[in-house]
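Read through the structure below, which is laid out as structure tokens, and then see the notes.
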Amino acid sequence: MNSSLSSQLVGSAVIVRNIPYLVTEILTAVFSVVGNTLICLAVVSDRRLRTVTNYFLLSLATADIFVGAVAIPCAILLDLGVSRCSLYACLLMLCNLMTFCMASIFGLLAVAVERYISIMRPFHYRVLVTPRAAMLVILGTWISAAFTGLIPIMGWHKPFPPGTECLFNTLISEAYMVYVIFLGCVVPPLVAMLILYARIFLEIRRQIRQISEWEVDVSRRRRRKRIVARELRMATSLFIVVFCFVFCWFPIHLLNLINLACPSCMVPREVILCAVILSHVNSALNPIIYVFRMKSFRRAIEATLPCFCAKGSVGSVMASSLAKAAQGQGEECSIRRVPLPGK
């Protein structure tokens with residue numbers, strides 16, 4: 001009786017201690033799933049958004065949905081210590097977040113390469129970057145991410161004594177996290193992306209200067225300037241996505257580096273939990289960036305929402321504003337047929 005009561009008290013203490021963490025993780029999961037689902041619906045429902053760039057962003061949004069729907073619930077279970085399971089079930093729960101992280105970083109690199117070709121090699125773009133090629137690249141990123149993230153299941157992990165709780169630090173090797181994930185699969189793509197975006201911004205600045213010196217018709221110059229400005233805004237938005245990825249994921253990787261270099265160093269539990277939460281928050285940030293930085297996504301979402309909640313107040317406001325723009329071409333779902341601008 002006493003042992004049962006004491007175990008219940010310990011379990012209650014663990015739950016109470018983790019309430020701020022649990023609430024934050026649950027909110028992050030909800031925002032990740034809802035926000036990225038809206039992004040996917042916008043791309044699927046609006047033909048103007050079905051570009052190669054947005055196919056890569058759709059893959060990135062899918063990875064973020066899995067983070068909110070699968071990875072974060074697994075992290076909550078692991079932190080509560082309720083997951084006493086077999087070795088491979090434990091490894092699968094631990095490895096899914098790394099798989100989705102790798103899918104994100106490889107997808108961001110693919111977007112950077114696609115934008116580089118679009119700006120630096122515009123005449124070869126339609127030949128090199130086709131929807132079929134994009135789908136093959138996306139498939140390749142997910143296969144590479146799955147292979148990299150599931151390496152611990154293939155044997156590279158610490159011993160798992162029977163009856164031990166499924167915890168990240170007790171099972172996943174720090175050497176694997178540092179040498180394979182961080183130094184092998186995170187740092188090189190980020191360095192490549194920084195170089196690509198630096199070249200892109202320099203080229204866009206050169207084109208803007210060149211346009212201002214052209215002796216051509218004013219309307220033609222303005223049209224070309226608008227195109228370049230749109231490309232600049234797109235590249236800036238994607239660079240912000242990369243920056244947020246670095247800001248959210250580097251703390252947890254730095255902690256792994258500290259654990260490998262100094263096994264005896266004690267890192268406060270609160271610091272670890274903050275780093276974990278920050279890595280998860282990245283999945284909820286991308287939809288916010290798309291909506292506030294890309295008018296095409298914002299307008300597509302505004303046109304999509306009334307069809308799902310036409311009777312709600314938000315749907316009514318959006319429907320009335322879009323109905324005026326459409327000049328009486330239809331109500332509710334017909335609003336979605338209002339022509340939207342491109343990227």
Side-chain angles (χ1 to χ4, degrees), residues 17-36 39 57 60-81 93-109 145 148-149 167-169 172 174 176-178 180-187 189-191 193-194 237-262 265-293:
R17 183 189 62 181
N18 286 278
I19 284 179
Y21 168 76
L22 294 176
V23 172
T24 306
E25 286 283 59
I26 291 171
L27 290 176
T28 301
V30 171
F31 281 116
S32 298
V33 173
V34 173
N36 287 285
I39 295 298
L57 296 183
L60 182 62
T62 303
D64 290 335
I65 290 174
F66 280 122
V67 170
V70 178
I72 294 180
C74 288
I76 293 174
L77 290 176
L78 296 176
D79 188 74
L80 290 177
M93 286 195 294
L94 294 173
C95 292
N96 60 52
L97 180 59
M98 288 180 286
T99 299
F100 303 139
C101 170
M102 292 300 100
S104 296
I105 190 69
F106 295 154
L108 290 173
L109 178 59
T148 306
L167 298 175
F168 194 91
N169 291 334
I172 300 299
E174 288 84 3
Y176 160 74
M177 289 299 301
V178 172
V180 176
I181 298 297
F182 183 53
L183 297 180
C185 297
V186 173
V187 173
L190 287 178
V191 172
M193 282 187 277
L194 291 177
S237 301
L238 296 174
F239 181 79
I240 292 174
V241 172
V242 175
F243 174 81
C244 289
F245 183 90
V246 175
F247 178 78
C248 292
W249 277 98
F250 258 56
I252 193 69
H253 287 300
L254 290 179
L255 290 180
N256 291 327
L257 188 61
I258 292 173
N259 288 332
L260 178 64
C262 181
C265 297
M266 295 297 295
V267 180
R269 175 182 171 81
E270 291 74 16
V271 175
I272 297 175
L273 290 180
C274 287
V276 170
I277 290 173
L278 192 60
S279 65
H280 295 164
V281 166
N282 179 73
S283 298
L285 288 179
N286 290 340
I288 299 174
I289 298 172
Y290 301 153
V291 169
F292 282 96
R293 292 286 310 178

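It should be emphasised that the depicted structure is a prediction, and the values quoted were computed from it without experimental measurement.
Across S283 and P287, no two heavy atoms sit closer than the pair O-CD, 3.7 Å.
Atom OG of S32 and atom CG of L285 lie 8.5 Å apart (nearest 0.5 Å). Interatomic distance, CD1 of I240 versus CD1 of I288, reported as 12.5 Å (0.5 Å rounding). Between the CD1 atom in I172 and the CG atom in L94 there is a gap of 5.0 Å [rounded to 0.5 Å]. We find the CG-CG distance between L22 and L27 to be 11.0 Å, quoted to the nearest 0.5 Å. Here CG of N286 is found 8.5 Å from CG of L57. Values are rounded to the nearest 0.5 Å.
Just one residue in the list I181, V191, V180 forms a side chain to side chain contact (heavy atoms under 4.5 Å, CB included) with V186, and that residue is I181. The residue from V33, V30, T28 that alone fulfils the side chain to side chain contact (heavy atoms under 4.5 Å, CB included) condition with I72 is T28.
Under the 4.5 Å side-chain criterion, counting only non-hydrogen atoms from C-beta, Y21 is not in contact with R269. Residues V281 and T24 form no side-chain contact, since every pair of their non-hydrogen atoms from C-beta on lies 4.5 Å or further apart. The shortest distance between side-chain heavy atoms of V241 and L60 falls below 4.5 Å. For the pair L97/H280, a side-chain contact is recorded, criterion being any heavy-atom separation below 4.5 Å from C-beta on.
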Would you give me the side-chain donor-acceptor pairs under 3.5 Å for residues 242-260, sequence neighbours excluded?
residue, atom, partner, partner atom, Å
N256, ND2, I252, O, 3.2
N259, ND2, L255, O, 3.3

Show which side-chain atoms of residues 99-108 pair as donor or acceptor with protein atoms under 3.5 Å away, not counting sequence neighbours.
residue, atom, partner, partner atom, Å
T99, OG1, C95, O, 3.2
S104, OG, F100, O, 3.1

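Evaluation of the side-chain hydrogen bond (donor to acceptor under 3.5 Å, both in side chains) rule for E174 yields K158 as partners, not counting sequence neighbours.
Annotation for F66: atom CZ does not count as buried by contact number, only 12 or fewer foreign heavy atoms lying within 6.0 Å.
No donor-acceptor pair closer than 3.5 Å links the side chain of N282 to the backbone N or O of S279.
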